[in-house]
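Computed from a predicted structure; not experimentally measured.
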Amino acid sequence: MWRNREIRLFVLILSGIIVLATGLAAFTLSFYAALFTFITSLLLVSCFVLFTRWRYREIEQLSGYLRQVSSGDYTLDVRNNHEGELSILKNDIYKVTMMLSEQHALLQEDKIKLTNAISDISHQLKTPLTSMLVMVDLVSDPKLDERKRVEFTTNIRVQLERIEWLVSSLLKLSKIDAGTIAFKKESISPRQVIQKAIEPILIPVDIKQQNLSITGDDTITFDGDFNWTSEALLNILKNCVEHTGEGGTISLSYTDNPLYTEITIADNGIGIPKEDLPYIFKRFYRGKNACDDSVGIGLAMAYSIVTSQNGDIEVISEKGAGTEFRIKFYKQVV
């Protein structure tokens, strides 16, 4: 307390006032009046000093608490139920400590997620890279048959395209998760966004001789980002095409009501096992019916895109009876 320059100056001024008051009392009144004035003043100053020391001790405890918080210890509790500025300050500091604790926990969780994501990415890239290294060694053999050389070169190109798609998808997901993508709010037609989404899958649909149908009112519109929404639908459609057999049916329909616009994508494929349903939108999750070259990222991206636009995806599926995806774009945040 005495290190505080203001306290020393204040006590010095009080001492001067006491001496002056005592002298005036002795000069104008009597010795006893001066003695009474001196003792009373001394007691008041002593009370002030004791009270100030107590407050400084409380502040020192708070400083120690804050030092512990800054070192990462969020377990201390300085709250009390008394009245006064110090009690309010303690409670406010505790609230800030709890906020810091929650943020620390979130950062630790994000760190774990990042570590797991890097591990998953490394695992996903390792397989095609190893395959490419083997095929490059084989292609470099001058005695290799020309047909095999062409086959290996084609396989290398396929693996490179797979790596490019994986890296591109992960970058998109990272941008969505980080909130750095500004989704547009434009009036778009469900039919137009569906037609854009089905263009890249027309060839595999034709190869498997699958039936594709679109139904809905052409006057329906909803607010969203045209390109990103078509990207989400494309990833869901790819999943339907992969898990629907030759000659199967994939139907798309859309409806509208005062609460939301709904796009439904249904197939009559092999369906999703019940135990896989809660996890199909989890990144890198591969269900029991997943294809060999699946990395479990398409549905995760679709889910992130839709939910980032105040939407939701519901999945209804039964093993052997097909799958139905219901994508809802809410007209207001609910």
Side-chain angles (χ1 to χ4, degrees), residues 161-162 164-166 168-169 171-173 175-176 181-272 280-281 291 293-294 297-317 322-331:
E161 289 175 349
R162 184 185 179 192
E164 181 185 18
W165 176 84
L166 178 61
S168 175
S169 299
L171 286 173
K172 290 177 182 177
L173 266 175
K175 290 180 180 179
I176 295 171
I181 294 177
F183 289 94
K184 297 178 181 178
K185 280 287 186 181
E186 52 189 356
S187 179
I188 57 179
S189 164
R191 178 172 288 273
Q192 290 179 354
V193 78
I194 287 172
Q195 288 176 339
K196 180 176 175 61
I198 65 176
E199 287 177 3
I201 64 163
L202 289 177
I203 292 177
V205 165
D206 186 53
I207 292 174
K208 299 180 76 171
Q209 296 182 343
Q210 294 170 340
N211 301 308
L212 197 63
S213 64
I214 305 173
T215 57
D217 186 354
D218 291 346
T219 62
I220 295 176
T221 60
F222 68 95
D223 292 335
D225 189 298
F226 183 85
N227 291 323
W228 280 107
T229 303
S230 65
E231 176 98 14
L233 298 182
L234 171 60
N235 282 289
I236 295 174
L237 284 167
K238 283 180 179 178
N239 184 81
C240 293
V241 172
E242 289 174 359
H243 294 90
T244 301
E246 293 187 6
T249 300
I250 300 173
S251 60
L252 299 96
S253 62
Y254 50 93
T255 57
D256 188 64
N257 62 52
L259 293 179
Y260 54 81
T261 299
E262 183 178 70
I263 299 175
T264 302
I265 302 175
D267 65 55
N268 61 350
I270 59 178
I272 302 172
I280 60 171
F281 295 120
C291 300
D293 60 349
S294 173
I297 201 173
L299 291 181
M301 182 185 297
Y303 184 81
S304 294
I305 293 172
V306 172
T307 54
S308 296
Q309 298 184 88
N310 300 324
D312 190 26
I313 303 179
E314 178 185 1
V315 184
I316 300 173
S317 184
T323 303
E324 182 176 276
F325 293 87
R326 296 178 179 176
I327 305 113
K328 298 177 181 178
F329 293 96
Y330 293 98
K331 298 182 179 180

Fill in: Side-chain heavy atoms of Phe325 within contact of Thr264, under 4.5 Å
no
Item to complete: Step by step, work out the side chain to side chain donor-acceptor pair (under 3.5 Å) result for Tyr303 and Asn235.
Response: CA-CA 10 Å; Tyr303 184 81; Asn235 282 289; over 6 Å; no
Worksheet item: Considering residues, nucleotides and ligands other than Lys185, do more than 12 of their heavy atoms fall under 6.0 Å from its NZ?
Response: yes
Worksheet item: Can you find a heavy atom in the side chain of Ile214 that is under 4.5 Å from one in the side chain of Ile198?
Response: yes
Item to complete: For residues Lys331 and Leu259, determine if any side-chain heavy atom of one lies less than 4.5 Å from a side-chain heavy atom of the other.
Response: no
Practice prompt. Would you give the length of the straight line joining atom CG of Asp225 to atom CD of Glu231, rounded to the nearest 0.5 angstrom?
Written response: 10.5 Å
Worksheet item: Would a 4.5 Å heavy-atom cut-off, applied to side chains only, mark Leu233 and Ile263 as touching?
Response: yes
Worksheet item: Given Thr249 and Gln210, is the side chain to side chain donor-acceptor pair (under 3.5 Å) satisfied, shown in steps?
Response: CA-CA 6 Å; Thr249 300; Gln210 294 170 340; over 6 Å; no
Worksheet entry | pair Tyr330-Thr261: side-chain heavy atoms closer than 4.5 Å | no
Fill in: Distance, nearest 0.5 Å, that separates CH2 of Trp228 from CD of Gln309
10.0 Å
Practice prompt. Hey, could you give me the OG1/CZ distance between Thr221 and Arg191, rounded to the nearest 0.5 Å?
Written response: 14.5 Å
Fill in: Pair Phe329-Phe222, ring pair (Phe, Tyr, Trp, His ring centres under 6.0 Å): steps then yes or no
CA-CA 8 Å; Phe329 293 96; Phe222 68 95; 4.7 Å; yes
Fill in: Residue pair Leu212 / Leu252, side-chain heavy-atom distance below 4.5 Å
yes
Discussion item. Between Thr307 (side chain only) and Ser304 (backbone N and O only), is there a donor and an acceptor less than 3.5 Å apart?
Written reply: yes
Worksheet entry | Main-chain N/O of Ile272 paired to Ser317 side chain as donor or acceptor, under 3.5 Å | yes
Worksheet, complete the sentence: Closest heavy-atom pair, Phe226 versus Lys196, reported as atoms and distance to 0.1 Å, is CE2-CD, 3.1 Å
Practice prompt. Check whether any side-chain heavy atom of Ile220 lies under 4.5 Å from a side-chain heavy atom of Ser189, and answer yes or no.
Written response: no
Discussion item. Has Glu324 got a side-chain atom pairing as donor or acceptor with Val315's backbone, closer than 3.5 angstrom?
Written reply: no
Worksheet entry | Crowding at CD1, Ile203 (>12 non-hydrogen neighbours, <6.0 Å) | no
Worksheet entry | Sub-4.5 Å side-chain heavy-atom contact between Ile236 and Ile313 | yes
